[in-house]
A.B. asks: 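Got a structure here, written out as structure tokens. Questions coming.
Quick caveat: nothing in here was measured; it's all calculated off a predicted structure. Keep in mind that the numbers below use all heavy atoms, side chains included, and drop hydrogens, waters and symmetry copies.
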Amino acid sequence: MSADAEGDGVVGVDNEDQERDVEPARPALSEARAREMTAGLREAMDDVRRSVAVLAAQVRAVHAARVSLPLGHNSWESYCAAEFSISRAQAYRLLDVARFLSAIQDAVAASPGTSRTRDSDPAAAAALDYGLSQRALIAVSGRTNTLTQLIIRRLTALAHSGLQALDEPTVRAVVRKAVRAAPPPPPTGPPSDPALAELRRAVDDLAATTHQLGELMLEVAPAYLSDTAAADILAPLYDQIGETLDKGLAARRYAMSGDRRALHGTVL
């Protein structure tokens, strides 16, 4: 057999192996099937978020009842380690989330126009479901007071405006937006350069003041209004105080998003 013939034979075998390994082409999805699969994914995501509320309600109830004591555990940490094999950090993270969701529920119940009442029964966990992920809750759990006051202010402004009913979807939307817009915590440590540290303090103070101003703007032009509609409402106010409307709209956007990039080019 010639070298060429032998080489042809080897190539032929490789081609056959490759053809066997190639995944058969899948038929193109119809739009209806794609929407069906998307709906299934959305439902699964909603289930995950609801499970956070259920877990938080159970954690709160178990911790409040001190079930660890009859089982021979002298702390929440040791109880979680023995019963669920989770670390100390995980145990207290669960507790933080549970306490934070409870604080949100209290803030909602304290707002005018809302009919919800606090319920510590885990079976009523749906009342604590605001569509928030555990990651989002952990990120803001150290700013409970700031966030609950933010929620109360926004719900109160909506109730007083009378422009939108405080039904369940509206309350959920307000809570989710407040969590996303909560001002970030201050940096953990100052820069080593004193001049840079002073500059950071000045920027942080300006951002904090602007966030407060944005919250006031939201009382006048609530978050559900577009920038254009808000501008029509805020323009006379800014004419009277002698400030530019662009700064007011930027402060309003910052209050809604919590993202300092909303201030670039106007305030910062």
Side-chain angles (χ1 to χ4, degrees), residues 100 103-114 116 130-133 135-137 139-187 199-268:
F100 184 59
I104 291 178
Q105 177 68 3
D106 286 348
V108 170
S111 303
T114 57
R116 293 177 175 221
Y130 297 105
L132 299 168
S133 68
R135 180 179 178 181
L137 291 167
V140 293
S141 60
R143 288 169 279 160
T144 301
N145 289 339
T146 300
L147 188 57
T148 52
Q149 290 303 312
L150 184 59
I151 290 169
I152 290 172
R153 284 200 304 271
R154 292 192 173 183
L155 290 174
T156 301
L158 271 180
H160 289 167
S161 73
L163 298 177
Q164 189 171 357
L166 290 185
D167 54 11
E168 184 172 335
T170 300
V171 172
R172 282 166 56 91
V174 168
V175 170
R176 287 198 303 271
K177 287 179 180 178
V179 168
R180 288 197 297 267
L199 178 60
R200 176 186 285 179
R201 279 194 296 270
V203 170
D204 289 343
D205 288 345
L206 180 57
T209 302
T210 305
H211 194 279
Q212 293 173 357
L213 176 63
E215 285 298 321
L216 291 174
M217 296 303 99
L218 285 172
E219 292 185 16
V220 179
Y224 59 83
L225 294 176
S226 67
D227 254 18
T228 303
D232 291 341
I233 296 173
L234 296 175
L237 172 62
Y238 272 81
D239 283 343
Q240 290 180 13
I241 64 177
E243 280 285 353
T244 64
L245 179 60
D246 285 346
K247 287 185 178 180
L249 292 173
R252 180 175 176 272
R253 287 192 293 269
Y254 179 42
M256 288 192 291
S257 68
D259 189 338
R260 285 192 184 180
R261 288 174 295 183
L263 305 179
H264 289 179
T266 53
V267 178
L268 295 178

A.B. asks: Any pair with a residue in residues 225-238 that passes salt bridge (charged side-chain N to carboxylate O under 4.0 Å, His left out), sequence neighbours left out, goes on the list, sorted by first then second residue, please.
C.D. replies: Asp227-Arg252, Asp227-Arg253
A.B. asks: Kindly indicate, with the supporting measurements, whether the criterion side-chain contact (heavy atoms from CB on, under 4.5 Å) is fulfilled by Leu147 and Phe100.
C.D. replies: CA-CA 10 Å; Leu147 188 57; Phe100 184 59; 2.8 Å; yes
A.B. asks: How many angstroms lie between CD1 in Ile233 and CE in Met217, if you round to the nearest 0.5 Å?
C.D. replies: 11.5 Å
A.B. asks: Exactly one of Leu225, Val220, Asp239 should register a side-chain contact (heavy atoms from CB on, under 4.5 Å) with Leu234. Which one does?
C.D. replies: Val220
A.B. asks: Considering non-hydrogen atoms only, spot the tightest contact between Ala250 and Thr266 and give its length.
C.D. replies: CB-OG1, 3.2 Å
A.B. asks: If you look at every heavy atom in Thr148 and Ile104, which pair is closest and at what distance?
C.D. replies: CG2-N, 4.2 Å
A.B. asks: State, to 0.1 Å, how close Thr244 and Tyr238 come at their nearest heavy-atom pair, and which atoms those are.
C.D. replies: O-CD2, 3.3 Å
A.B. asks: Considering non-hydrogen atoms only, spot the tightest contact between Leu249 and Ala230 and give its length.
C.D. replies: CD2-CB, 4.2 Å
A.B. asks: Going by side chain to side chain contact (heavy atoms under 4.5 Å, CB included), name the residues that satisfy it together with Ala235, two or more places apart in sequence or in a different chain.
C.D. replies: Leu245
A.B. asks: How far apart are the closest heavy atoms of Ala107 and Ile152, and which atoms are they?
C.D. replies: O-CG1, 3.5 Å
